[in-house]
Each structure stands twice: as structure tokens, then as C-alpha cells.
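One-based numbering along the sequence shown.
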Amino acid sequence: AGFGDENENRAGDQTVLQLGLRGASKRAPPLLCLPLSPSFFLCEITMTYCVVHTPPKRPGDDLYEWLAVLSGPADTPYSGGRFRIRLSVPSTYPLAAPTVKFETPIFHPNVHFRTGEVCMDILKTDWSPAWTLMSVCRAVVALMSDPAGGADSPLNCDAGNLARSGDLRAFNGVARMYTVDLAMMQ
């Protein structure tokens with residue numbers, strides 16, 4: 001599949017460029033994230049999207065802090081929510097993994113509820129320089145799609161215990177409550 005469906009729009013002072021893939025399914029994640037200005041990047045995923053941008057920068061600031069807004073995956077208790085995550089990129093990137101933290105509280109076994117710290121193998125032992133920030137965002141969305149997958153060594157013990165015990169009705173209810181209260185207010 002080649003690149004196609006290229007659209008450019010003006011939104012205030014920012015240029016917004018969206019790239020699609022010809023022949024890709026509607027749920028396919030993007031393979032590319034392009035810089036639109038020194039302080040703004042946009043990546044668009046049909047259905048589940050991720051907007052990645054840096055906070056406004058002053059002269060002399062670096063580009064090591066990133067912010068992403070992830071849509072909760074369909075058919076999960078996070079559906080309809082918009083979750084902000086912060087990606088802190090070390091100076092040794094891509095040889096070292098970024099640190100990922102949820103700024104929007106989320107009830108998930110692999111996310112510490114108070115600090116937003118995320119526990120994923122790809123951010124620890126399985127990191128590869130081939131991973132990009134967009135790949136990390138996609139991995140976080142995949143993690144949200146399967147909360148029970150990380151229940152064996154949870155950062156959030158309450159979420160982990162509900163998922164591990166098989167009480168998915170209670171887990172989904174609590175996760176949905178927090179999603180509605182904290183991630184749908186924007």
C-alpha cells in the first residue's frame with residue numbers, strides 16, 4: 001500500500017496535515033507522523049486516533065517532552081474517553097525507551113492510578129531502537145484493549161485483583177465509571 005489521501009488544512013497558525021494509506025482498513029493505525037511546525041506533530045488514526053504534540057516552546061527549550069491524546073478503544077470500558085499521556089524522551093533515544101505516564105487517570109492493572117506510571121515490557125526489557133513514539137502510542141492503545149493481559153504483575157492492585165479473579169463485570173464497571181468521570185469531560 002502506498003501513501004495517499006493527503007489533506008492539508010489551516011487551523012489558526014498551525015498547518016494540519018493528515019496522511020492516509022491507500023488500501024488500508026479503517027482501523028489501521030498510521031505508520032507516519034510528520035512535523036508540522038517546530039512545536040506540533042499530528043498523527044491521525046481513523047476510529048482510534050492519537051494526536052501527538054509538544055507543549056508550546058520558548059527559544060532554547062528542547063523537544064524531549066511530548067503529549068499524546070489517545071481515544072479509548074471501541075468495545076472496552078475506555079470507549080469514548082480521551083486519555084492524555086506524557087512521553088518523556090531521554091537524550092539517548094532511540095537507544096533508550098521513553099517514559100510514559102497517563103495524565104488522565106485511568107483504572108487499569110498496568111497503570112498506577114495516582115502517578116499515571118505505565119508498566120509495559122516494551123518500555124523496560126523489550127525496548128528496541130526500531131520503536132517510535134507512534135509505536136509506543138499504539139502499544140498503549142493495545143494495552144487498553146486487553147486490561148486482563150497485565151493483571152499478573154499490576155501497578156494498580158485493585159484493578160489487577162478484579163481482572164485476575166475473573167470478575168470482569170466489576171472491573172469493566174469501575175473502569176467505565178472512571179472513564180466517564182475523568183476522560184469524557186473534555
Hydrophobic cluster identity match, [X] and [Y], side-chain contacts under 4.5 Å:
{"X": "Val174", "Y": "Leu168", "result": "no"}
{"X": "Leu155", "Y": "Leu123", "result": "no"}
{"X": "Ile122", "Y": "Phe83", "result": "yes"}
{"X": "Val100", "Y": "Phe102", "result": "yes"}

task = Go through the structure and list residues passing ring-ring contact (aromatic ring centres under 6.0 Å, His included) with Phe113, not counting sequence neighbours.
result =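 Scan of Phe113 (ring-ring contact (aromatic ring centres under 6.0 Å, His included), adjacent residues dropped) gives Tyr178.
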task = Determine yes or no for a side-chain-to-main-chain donor-acceptor pair under 3.5 angstrom, with Arg164 supplying the side chain and Ser153 the backbone.
result =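 Not confirmed, Arg164 side chain does not pair with Ser153 backbone.
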Backbone N/O of Pro77 and side chain of Thr179: donor-acceptor pair under 3.5 Å =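 Yes, the answer is positive, given that a donor and an acceptor are paired below the 3.5 Å cut-off.
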Please find the pair of heavy atoms, one from [X] and one from [Y], that lie closest to each other, and give the distance.
{"X": "Ala175", "Y": "Tyr78", "answer": "CB-CE2, 3.9 Å"}
{"X": "Ala159", "Y": "Pro109", "answer": "CB-N, 3.6 Å"}
{"X": "Ser79", "Y": "Met184", "answer": "O-CE, 4.0 Å"}

inquiry  = Show me the pairs that pass side-chain hydrogen bond (donor to acceptor under 3.5 Å, both in side chains) and involve residues 120-132, at least two apart or across chains.
reply    =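 The answer is Thr132-Ser135.
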ask   = Could you give all pairs that pass the side-chain hydrogen bond (donor to acceptor under 3.5 Å, both in side chains) test and reach residues 106-116, with sequence neighbours left out?
value =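 Non-adjacent pairs meeting side-chain hydrogen bond (donor to acceptor under 3.5 Å, both in side chains): His112-Thr115.
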task = Tell me, please, which residues at least two apart from Thr92 pass side-chain contact (heavy atoms from CB on, under 4.5 Å).
result =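 side-chain contact (heavy atoms from CB on, under 4.5 Å) check on Thr92 returns Pro90, Ala96.
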key: Of all pairs that satisfy ring-ring contact (aromatic ring centres under 6.0 Å, His included), the ones with a partner from residues 147-176, not counting sequence neighbours   =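 Applying ring-ring contact (aromatic ring centres under 6.0 Å, His included) to every pair that reaches into residues 147-176, excluding sequence neighbours, yields Phe107-Phe171.
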message = Rounded at 0.5 Å granularity, tell me how far CG in Leu143 sits from SG in Cys119.
response =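 Answer for the CG-SG pair, Leu143 versus Cys119, is 9.0 Å.
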inquiry  = Nearest 0.5 Å, please: how far is CD in Glu65 from OG1 in Thr99?
reply    =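 Answer for the OG1-CD pair, Thr99 versus Glu65, is 8.5 Å.
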Partners passing side chain to side chain donor-acceptor pair (under 3.5 Å) against Glu103 (at least two apart in sequence or in another chain) =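 Scan of Glu103 (side chain to side chain donor-acceptor pair (under 3.5 Å), adjacent residues dropped) gives Arg84, Arg86.
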message = Please determine whether side-chain contact (heavy atoms from CB on, under 4.5 Å) holds for the pair Ile85 and Val136, giving the CA-CA distance in whole Å, both sets of side-chain angles, and the decisive distance to 0.1 Å.
response = CA-CA 11 Å; Ile85 62 171; Val136 173; 5.8 Å; no
message = Within the 4.5 Å heavy-atom criterion, are Thr76 and Met144 side-chain neighbours or not?
response =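 Result no, sub-4.5 Å side-chain heavy-atom pair not found.
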